[in-house]
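Quick notes on the structure that follows.
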Amino acid sequence: MTKRPLALASVAAATALILSACGGVVSDDGGSSSDGGSGSTDSQELTLATMAVDSTPQAAAARWFFEELETRTDGRLTVDITGPNEICKAPEIAECVRDGRADIGVSVADYTAQLFPGETIVSVPFLSDSSQQAVMNALYQANEQHEGSQAKWEEIGLYPVAHWPAGRLTLGSTEPIRDITDISGMKWRVSGPFLIKAFEEIDGNPVSMPSNETYEALQRGVAEAAAFAIDGAVDYKLVELLPEWTDPGVGHYNTFGMWLNRDVYDNFSDEDRTVFDELVAEFNGGKGMELFAEGAKDQCQFMMDHENVSDFNKWTEDATKEWSDLIGDTLIEEWIATAENDGLKDARAFYEIYSDLVKDVTDEDLAKDPVIACVQQFESR
C-alpha cells in the first residue's frame, strides 16, 4: 500500500486496458495468458482517491478494508492510499472513479447527489435518527433488494462497497443553540440537499461548501455557524472558532461512500471477486461501524479537554419535535420525486425498504453512538 507517481498509475491502467481488449493479461513472468473470461489473475494495485482526513474514523475504517483486501487475496489486490484530495477534490471523487483517474473512491455521497439518489435518503432530516450500524446496514440491504437501485449502479459504472453515516448532526456556534429560533437568521454551513431545505424552512441561511473549506469560511464570515458531524468540531478544528455545540435530534444526515470502478471489479478473477464481495458483506454487517467507533473514541475527550469548548448538549424532545413537525412528510415526498428524477426507479419502494430496516436498532446500539455518549459525558462532568 505504498504511494506511487500518478503518471505511472496512468501508464499501468492504460496497459491493462489494451491487454484486456486483446483478451489477455500480463503474467508474472512477463508473458501473456488468457483468463478464459474469469478476469485477471495477476496482482493489481488500485489507486484510491479520498477526502477522508487520516485522523478521522472514516479513514480508519477504510484503511482496515484495504489491509484486509490485501491479506485475503494474498497480495494480489493492493491499494495505493493517496492523501486527501491528492488526486481529485472531494466533490469530484465519484467522477474520478467513473472516468478511471482512480480505481476506488471515498467521499460524501451528497457531493454528487445525482449519482447516488438512494443514498441521499439519509439526508432527509429526522428519518435516520438511529444507530450508525442500522443506517449502514439499511442502505446495504436496500441496494441488495431493490432492482431500481441495482440498475442505477450499473448505469453510473460504479460498484458499491459501503455507505456509512459520518455521524449524527451537531450544530456549532459562538452562542448557545437550544431551538429553531436560535438558528433563524444565521448563515450556516450545511451539506445535503434535504438538510438545506430543512434549514430554509426555519429561516436559517444555509451555505454549502466542502468540509475542508469550512474553517476559512467561518474566519471570513462566509458562514457564522456550522452543521456538521463531530468530525467538524475535532478533525477540522472548528472548536477553535465555535465554542457551543449541540445535538438537535435530527439524527444522521449524510453518508461517506466507498465505490469501485465497475470495469475494475469486472476484471477481477472469480476468486478475487468472491473475496471482495465477502469482505464487503462483513464490512457492512457490523465491522465497519465497529472500526468507526474505535476511531471516534478519542473525539469526545478532545472536546472535553479543549479550552475553547463551552458546552456540548442535546435539544429537548419538544424543541426537536417543533422542527420536525414543521417539515412533516414533505421532504420524504420530495426525496421520492427527486430520486425518481435522478434515475432511481420506484423510489417509494426503496424508501419503504430503508425506513423499515433503519428502525432495527436497540438502546444498546444507540448508547454506543459517539455523539450521544459525548453529550452524556458533558452532562455528568
Side-chain angles (χ1 to χ4, degrees), residues 49-59 83-93 106-113 123 166-193 195-200 202-248 250 253-254 256 295-296 298-313 315 370-371 374-375 378:
T50 182
M51 67 161 285
V53 177
D54 290 344
S55 59
T56 61
Q58 287 83 7
N85 302 298
E86 181 178 331
I87 296 178
C88 310
K89 293 182 179 179
E92 303 170 2
I93 287 176
V106 174
S107 189
V108 172
D110 281 332
Y111 285 162
T112 43
S123 182
R168 292 175 65 86
L169 182 72
T170 62
L171 307 180
S173 179
T174 56
E175 301 293 334
I177 305 294
R178 298 304 179 104
D179 55 35
I180 59 176
T181 60
D182 293 327
I183 292 176
S184 178
M186 295 178 65
K187 292 183 291 185
W188 288 86
R189 181 273 179 187
V190 180
S191 68
L195 186 60
I196 287 173
K197 292 178 183 297
F199 270 75
E200 291 174 338
I202 57 175
D203 297 323
N205 298 318
V207 182
S208 297
M209 65 196 68
S211 301
N212 62 341
E213 297 178 12
T214 304
Y215 191 100
E216 182 180 357
L218 289 165
Q219 286 181 312
R220 294 168 52 201
V222 175
E224 299 172 276
F228 226 119
I230 196 173
D231 291 351
V234 177
D235 296 295
Y236 291 95
K237 312 300 184 186
L238 301 188
V239 290
E240 297 177 358
L241 306 174
L242 307 174
E244 296 284 346
W245 290 86
T246 190
D247 174 0
V250 168
Y253 69 103
N254 72 354
F256 268 78
D298 295 329
Q299 290 182 318
C300 186
Q301 193 61 49
F302 175 90
M303 292 189 70
M304 294 187 73
D305 292 342
H306 201 283
E307 61 183 5
N308 196 49
V309 176
S310 299
D311 197 13
F312 190 13
N313 53 58
W315 282 15
V371 169
C374 195
V375 166
F378 268 80

Does atom CD of Glu175 have more than 12 heavy-atom neighbours, drawn from other residues, nucleotides or ligands, at distances under 6.0 Å? no
Please say whether more than 12 non-hydrogen atoms of neighbouring residues, nucleotides or ligands are located less than 6.0 Å from CD in Glu216. no
Axial cation check for Phe228 ring with Arg189, 6.0 Å and 45° limits: yes
Going by atom types alone, do [X] and [Y] pair a side-chain donor with an acceptor below 3.5 Å?
X      : Y      : result
Thr246 : Asn313 : yes
Tyr215 : Glu240 : yes
Asp231 : Gln299 : yes

Is the shortest heavy-atom distance from the side chain of [X] to the side chain of [Y] under 4.5 Å?
X      : Y      : result
Asp311 : Pro243 : no
Ile230 : Met303 : yes
Thr56  : Phe256 : no
Pro248 : Leu169 : yes

Closest non-hydrogen atom pair between [X] and [Y], with its separation:
X      : Y      : value
Ala52  : Pro84  : O-CG, 3.3 Å
Asn308 : Val239 : ND2-O, 2.6 Å
Ile196 : Pro206 : CG2-CG, 3.6 Å
Asp247 : Val250 : OD1-N, 4.4 Å
Met209 : Tyr111 : O-OH, 4.3 Å
Asp182 : Arg178 : OD2-N, 2.8 Å

Whether the side chain of [X] engages the backbone of [Y] through a donor-acceptor N/O pair (distance < 3.5 Å, no angle test) should be reported.
X      : Y      : answer
Lys187 : Gly221 : yes
Trp188 : Ile183 : yes
Trp245 : Pro176 : no
Ser107 : Ala90  : yes

Run the side-chain contact (heavy atoms from CB on, under 4.5 Å) test on Met51 and Ser211 for me, step by step, so that the C-alpha distance in whole Å, both residues' side-chain angles and the decisive distance to 0.1 Å come before the verdict. CA-CA 9 Å; Met51 67 161 285; Ser211 301; 3.9 Å; yes
List the steps and the verdict of side-chain contact (heavy atoms from CB on, under 4.5 Å) for Leu241 and Gln219. CA-CA 8 Å; Leu241 306 174; Gln219 286 181 312; 3.9 Å; yes
Set out, in order, the CA-CA distance, both residues' side-chain angles and the distance that settles side-chain contact (heavy atoms from CB on, under 4.5 Å) for Val371 and Phe312, then state yes or no. CA-CA 9 Å; Val371 169; Phe312 190 13; 3.9 Å; yes
[X] side, atom [atom1]; [Y] side, atom [atom2] - distance, nearest 0.5 Å:
X      : Y      : atom1 : atom2 : value
Glu92  : Asn85  : CD    : CG    : 9.5 Å
Leu242 : Thr214 : CG    : OG1   : 10.0 Å
Leu218 : Tyr236 : CG    : OH    : 13.5 Å
Cys300 : Asp298 : SG    : CG    : 10.0 Å
Ser184 : Phe199 : OG    : CZ    : 11.5 Å
Glu86  : Thr50  : CD    : OG1   : 11.0 Å

Let's go through Asn254 and Ser191 carefully: what are the C-alpha distance in whole Å and the side-chain angles of both, what is the deciding distance for side-chain contact (heavy atoms from CB on, under 4.5 Å) to 0.1 Å, and is it a yes or a no? CA-CA 8 Å; Asn254 72 354; Ser191 68; 4.0 Å; yes
